[in-house]
Each structure stands twice: as C-alpha cells, then as structure tokens.
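Throughout, residue positions are numbered sequentially from 1 according to the sequence presented.
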Amino acid sequence: MPVNEIRAPQNVCADQLVAAIPGVIFQFHRAHNGHMHFPYLEGGAAVLKHVDREALAKNAGELVEQLTGKDHPKIMSAIERSARWMLPLTTRFRLPFPKANPHWIAVSAQPEPVNDGIRWNGIMMDISDQVIEEQRLRKLCDTDPLTELPNRRKLMVHLTQLASTSSRHGTPMTIMMIDIDHFKRLNDRWGHLHGDDVLKQLAVKAKSLLRCEDMVARLGGEEFMVVLPLTPLQQCHTLANRLCKTISMHDFGMGEGHVTLSIGIAEYRCGEPLTSLIERADQALYNAKDSGRNCVCLLR
C-alpha cells in the first residue's frame with residue numbers, strides 16, 4: 001500500500017494522539033492589523049496546564065508578552081522575520097512555571113499567507129533538559145575545573161568583545177597579568193595538593209576584591225589574567241596594588257607572606273591587536289619579577 005494511503009486503526013482517535021504527544025500542536029494567526037490569536041492549541045505537554053487557552057484563542061498579544069517576559073522582543077522579531085520572508089519560524093523562549101524554574105520551549109512552525117493575514121502551523125516542545133545539558137557542556141568548555149574561573153578560551157572571547165566596545169566608544173580598558181611568586185618552590189615544600197588549594201583560595205579572594213564587571217580567569221599553571229572594562233591605567237594600578245597587598249597578608253594555611261603575587265598591567269590602545277596588549281602586560285609582569293616580586297608594574 002502506498003505510504004500516503006496508510007490509515008490509522010479505526011479505534012485510534014486523532015484527538016487522543018494529539019493529547020498524548022509530549023508537545024503542543026498549534027495554529028497561530030496574525031492579521032494585517034497586528035491582531036494575534038491561537039485558533040488551535042492542543043497537546044499533552046505540561047505547558048498547557050499553566051496557560052489560559054481560551055484567552056489565547058481570542059487575543060494572544062498581551063498574554064504572549066506576559067508569558068515570554070524578557071524573551072518577548074526575540075519572539076516578535078522571529079515572527080516578523082518569518083512573516084516578511086515566508087521562512088520557517090524557529091525560536092525558543094523561557095516559560096514561567098508556578099513554584100518551579102522556567103521551562104525552555106522550542107517553537108517550530110511553517111507560515112502560510114491567508115486572506116486576512118498570515119497563519120502558522122507548528123509545534124512547541126519542552127526542551128528544558130536539553131538546555132540544561134547544553135549549559136553544562138558550555139560551562140565545561142569555558143571553565144577551569146580546579147578554580148572554577150573562566151579559562152583561557154572564555155577569557156579571549158570576553159576580551160575580544162570588550163576591545164571592540166572600547167574601540168567603538170573610545171572607553172578605557174585595562175588588563176592585569178598575575179603570577180604567583182615561586183610557585184614551584186611552594187609545591188615542592190608543601191605538596192601539590194596544598195598548591196592546588198592555594199590556587200582555589202586565590203581565585204575566591206581575587207573575585208571578592210574585584211568588581212562584579214571585572215573578569216578574572218586562569219590562563220594555566222599559576223598564571224591568571226584580570227580584564228577590567230571602563231578602567232584607566234591608574235585606577236587599575238590602585239586595584240592591583242590592593243590585590244597584591246591583600247594576598248601577601250592572607251594566611252593560605254602556611255602563615256602570612258608565603259604567597260605573594262607579581263602583577264603586570266597595561267591599558268588597551270584603541271585599535272591595537274590583542275596580542276600587542278597581552279605582550280605589554282607580560283613585559284610589565286617580567287619587570288615586576290625583576291624588581292623583586294610581590295609588586296605591581298605597569299607599561300604604558
């Protein structure tokens with residue numbers, strides 16, 4: 001029998017099938033005057049337990065805005081793009097659930113022109129588990145497993161974005177290159193497990209001393225970098241000195257003064273390659289080590 005002639009068993013009702021699927025089948029209509037509503041909205045997903053289907057069938061405009069919250073502009077942009085070019089509507093948004101975390105909902109629909117506007121036929125699926133897994137994998141890719149700080153990859157993406165903003169708006173940006181002094185000697189004397197604990201404590205301490213908009217990342221080994229947006233060189237110098245002094249006075253389980261930092265700082269020059277900025281901060285770090293360590297040096 002040809003595929004298009006296959007029929008469901010007589011004892012299977014289409015409405016029962018729709019009610020059993022783990023998603024929502026919908027028909028969405030937008031009139032030429034902008035009025036929106038859902039002529040059809042059925043399925044077995046938990047999504048429908050927390051929405052007013054009768055209200056959506058009459059007027060979806062305000063209710064969709066309430067349901068999608070911060071994602072509403074993105075949703076409307078996707079609808080407009082789909083309507084203008086007759087492209088499939090594909091997007092996702094967060095749907096609030098009473099007494100639970102918001103659920104991520106994926107939307108996939110096909111538009112078609114009708115006499116009084118555009119109609120979409122599609123499906124919505126709860127993809128919360130998928131999004132949680134994506135976030136977990138992304139964190140693994142972007143996070144140093146020991147200190148839980150951003151790693152080099154995450155840092156460079158962030159630094160590139162800030163450099164672009166700095167060049168476009170002419171705003172200052174400064175970086176710190178940080179190295180723990182004589183870290184090999186510390187590992188040899190106190191053991192690698194204690195050395196790992198020093199790295200973790202340093203990460204926590206540095207984050208507590210810096211501002212929320214600053215990013216501290218582990219480059220590898222005992223090397224760290226701090227990116228400070230909207231921060232001129234002199235202000236960065238003050239913050240670096242405070243960090244250097246605080247760490248030298250902190251008891252890492254060995255008594256004060258056993259852990260010290262050498263820090264080199266440099267300010268971004270509008271339009272310069274990031275390799276140049278990092279090289280200047282690196283050179284300032286070497287200068288700090290040559291000056292006796294446990295200090296801050298800058299390179300203009």
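The main-chain N or O of I123 is never found under 3.5 Å from a side-chain atom of S108 such that the two would form a donor-acceptor pair. Formation of a donor-acceptor pair under 3.5 Å by the E267 side chain with backbone atoms of L233 is found in this model. Under a 3.5 Å cut-off, the side chain of T171 and the backbone N or O of H169 do not form any donor-acceptor pair. Checked by atom type and distance alone, the side chain of T160 pairs as donor or acceptor with a backbone atom of M156 at under 3.5 Å. With hydrogens and angles ignored, the 3.5 Å screen pairs a side-chain donor or acceptor of N151 with a backbone N or O of C141. The main-chain N or O of K200 is never found under 3.5 Å from a side-chain atom of T147 such that the two would form a donor-acceptor pair. Under a 3.5 Å cut-off, the side chain of S167 and the backbone N or O of S164 do not form any donor-acceptor pair. Remark: the backbone N or O of L87 is not paired with any side-chain donor or acceptor of R81 at under 3.5 angstrom.
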For this session: Could you walk me through whether D251 and H258 pass side chain to side chain donor-acceptor pair (under 3.5 Å), step by step?
Result: CA-CA 8 Å; D251 186 348; H258 281 84; over 6 Å; no

For this session: Evaluate the side-chain contact (heavy atoms from CB on, under 4.5 Å) criterion for residues V198 and M254: first the C-alpha distance (whole Å), next the side-chain angles of each, then the deciding distance (0.1 Å), finally the verdict.
Result: CA-CA 10 Å; V198 167; M254 302 168 287; 3.8 Å; yes

For this session: Take D188 and R185, measure what salt bridge (charged side-chain N to carboxylate O under 4.0 Å, His left out) needs, and give me the verdict at the end.
Result: CA-CA 5 Å; D188 291 343; R185 186 186 304 174; over 6 Å; no

Problem set entry | Worked verdict on E222 versus D179 for side-chain contact (heavy atoms from CB on, under 4.5 Å) | CA-CA 6 Å; E222 67 273 24; D179 190 84; 3.6 Å; yes

Exercise. Should R218 and E148 be marked as a salt bridge (charged side-chain N to carboxylate O under 4.0 Å, His left out) after you check the CA-CA gap, both sets of side-chain angles, and the distance that decides it?
Worked result: CA-CA 9 Å; R218 186 184 179 198; E148 296 188 352; over 6 Å; no

For this session: Mind running salt bridge (charged side-chain N to carboxylate O under 4.0 Å, His left out) on E134 and K139 for me, showing each step along the way?
Result: CA-CA 9 Å; E134 289 174 0; K139 183 177 181 181; over 6 Å; no

For this session: Report the C-alpha separation of L67 and V51 in whole Å, then their side-chain angles, then the decisive distance to 0.1 Å, and conclude whether the side-chain contact (heavy atoms from CB on, under 4.5 Å) test is met.
Result: CA-CA 8 Å; L67 290 173; V51 299; 3.9 Å; yes

Problem set entry | Residue pair E272, S276: steps toward the side chain to side chain donor-acceptor pair (under 3.5 Å) verdict | CA-CA 7 Å; E272 78 170 316; S276 173; 2.8 Å; yes

Exercise. R242 and T238: side chain to side chain donor-acceptor pair (under 3.5 Å), yes or no, with the steps?
Worked result: CA-CA 6 Å; R242 185 173 68 181; T238 301; over 6 Å; no

Problem set entry | E112/M86 under side-chain contact (heavy atoms from CB on, under 4.5 Å): CA gap, chis, key distance, verdict | CA-CA 7 Å; E112 61 175 344; M86 284 292 112; 5.9 Å; no

For this session: Step by step, work out the side chain to side chain donor-acceptor pair (under 3.5 Å) result for N121 and Q27.
Result: CA-CA 5 Å; N121 299 301; Q27 192 172 80; 2.9 Å; yes

Exercise. Under the salt bridge (charged side-chain N to carboxylate O under 4.0 Å, His left out) criterion, do R53 and E42 qualify, and how do the steps go?
Worked result: CA-CA 9 Å; R53 281 188 278 180; E42 294 291 344; 2.9 Å; yes

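Looking at every heavy atom in both residues, A206 comes nearest to L243 through CA-CD1, 4.1 Å. Contact detail for S262 and D181: the closest heavy-atom pair is OG-OD1, 2.6 Å. Across every non-hydrogen atom of D126 and W104, the tightest pair is OD1-O, 3.4 Å. Residues S166 and P172 approach most closely at OG-C, 4.3 Å, considering heavy atoms. Taking each heavy atom of L210 and M176 in turn, the nearest pair found is CD2-CE, 4.3 Å. Across all their heavy atoms, L228 and D214 have their closest contact at CA-OD1, 3.6 Å.
In the hydrophobic cluster analysis, where Ile, Leu, Val, Met, Phe, Trp and Tyr join through side-chain heavy atoms closer than 4.5 angstrom, M225 is grouped together with Y268. Under a hydrophobic clustering in which Ile, Leu, Val, Met, Phe, Trp and Tyr are joined whenever their side-chain heavy atoms come within less than 4.5 Å, directly or via other members, F252 and L261 fall into the same cluster. A continuous path of hydrophobic side-chain contacts links F224 to L298 [ILVMFWY only; heavy atoms under 4.5 Å]. No continuous path of hydrophobic side-chain contacts links L219 to V259 [ILVMFWY only; heavy atoms under 4.5 Å]. There is no path of hydrophobic side-chain contacts, each under 4.5 Å, that joins Y286 to V296.
A salt bridge is defined here as a Lys NZ or Arg NE, NH1 or NH2 lying under 4.0 Å from an Asp or Glu carboxylate O, and K58 with E54 fails to meet this definition. Salt bridge status for K154 with D144: absent, with no side-chain N to carboxylate O gap under 4.0 Å.
Considering only heavy atoms from C-beta on, D71 stays 4.5 Å or farther from R92 through its side chain. Using a 4.5 Å heavy-atom cutoff, the side chains of R168 and T165 are in contact. For the pair M124/L41, a side-chain contact is recorded, criterion being any heavy-atom separation below 4.5 Å from C-beta on. Inter-residue side-chain proximity for D196 and L146 is flagged as met; some heavy-atom pair is nearer than 4.5 Å. The shortest distance between side-chain heavy atoms of N101 and R94 does not fall below 4.5 Å. A 4.5 Å side-chain heavy-atom check between V227 and L155 finds at least one atom pair inside the cut-off.
Atom CD of E133 is separated from atom CG of D129 by 9.5 Å, given to the nearest 0.5 angstrom. One finds the CD atom of E65 at 9.0 Å from the CE atom of M36 (value rounded to the nearest 0.5 Å). To the nearest 0.5 Å, the span separating CD1 on I118 from CD on E80 amounts to 8.0 Å. Atom CD1 of I178 is separated from atom CD of E223 by 11.0 Å, given to the nearest 0.5 angstrom. Distance CD1/I105 to OG/S128: 6.0 Å, rounded to 0.5 Å. Between atom NZ of residue K289 and atom CG of residue N294 there is a gap of 10.5 Å, rounded to the nearest 0.5 Å.
By the 6.0 Å contact criterion, NZ on K207 is open, its count of non-hydrogen atoms from other residues, nucleotides or ligands being 12 or less. Annotation for M249: atom CE does not count as buried by contact number, only 12 or fewer foreign heavy atoms lying within 6.0 Å. A 6.0 Å sphere centred on CZ of R293 holds more than 12 heavy atoms belonging to other residues, nucleotides or ligands. Within 6.0 Å of the CD atom in E256, the count of heavy atoms belonging to other residues, nucleotides or ligands exceeds 12.
When only modelled atom types and interatomic distance are considered, D116 and H29 share a side-chain donor-acceptor pair under 3.5 Å. Q66 and H72 share no side-chain donor-acceptor pair at under 3.5 Å.
If you look at H35 and H37, their ring centroids are closer than 6.0 Å.
A tilted orientation is assigned to the rings of F28 and W120, their planes being inclined by 30° to 60°.
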